[in-house]
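Heads up: numbering here begins at 1 and tracks the sequence.
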Amino acid sequence: MRPSALLRRVTSGVRWYVRELTDESAYDRYVTHIRKDHSEAEVPTRQEFERMRTDRQEKDPRQGFRCC
């Protein structure tokens, strides 16, 4: 494997890992779910999705609590 191809592969793997660890990929998974299972539903913007997610977490005590 060429060094540049190896570097791209490692970089891609690290990027995937960080996105999963920080849950940055949650919006992508949600959009995929909406388009697949609820094709008639409108896909929210990323900002709308984050607001819905934050509201849900704050209402559900099982999601932990936010201090700030």
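In this structure, L21 shares a hydrophobic cluster with W16, Y17, the cluster being traced through Ile, Leu, Val, Met, Phe, Trp and Tyr side chains under 4.5 angstrom apart. Hydrophobic cluster membership of V31, counting Ile, Leu, Val, Met, Phe, Trp and Tyr whose side-chain heavy atoms lie under 4.5 Å apart directly or via other members: Y27, Y30, I34, V43, F49, M52.
Listed by chain and number, the residues in a side chain to side chain contact (heavy atoms under 4.5 Å, CB included) with T45 are Q47, E48 (sequence neighbours excluded). Scored by the side chain to side chain donor-acceptor pair (under 3.5 Å) test, S12 finds no partners at all (sequence neighbours excluded). Every side chain to side chain contact (heavy atoms under 4.5 Å, CB included) that T11 has, sequence neighbours left out, goes to L7.
Here salt bridge (Lys or Arg N to Asp or Glu O under 4.0 Å) pairs that include residues 16-28, with residues two or more places apart or in two chains, are R19-D28, E20-R29, D23-R29, D23-R53, E24-R46.
For the atom pair CD (E42) and CD (E40), the distance works out to 12.0 Å, reported to the nearest 0.5 Å. Summarising the geometry, atom CZ belonging to R9 is positioned 14.5 Å from atom CZ belonging to R2; distances are rounded to the nearest 0.5 Å.
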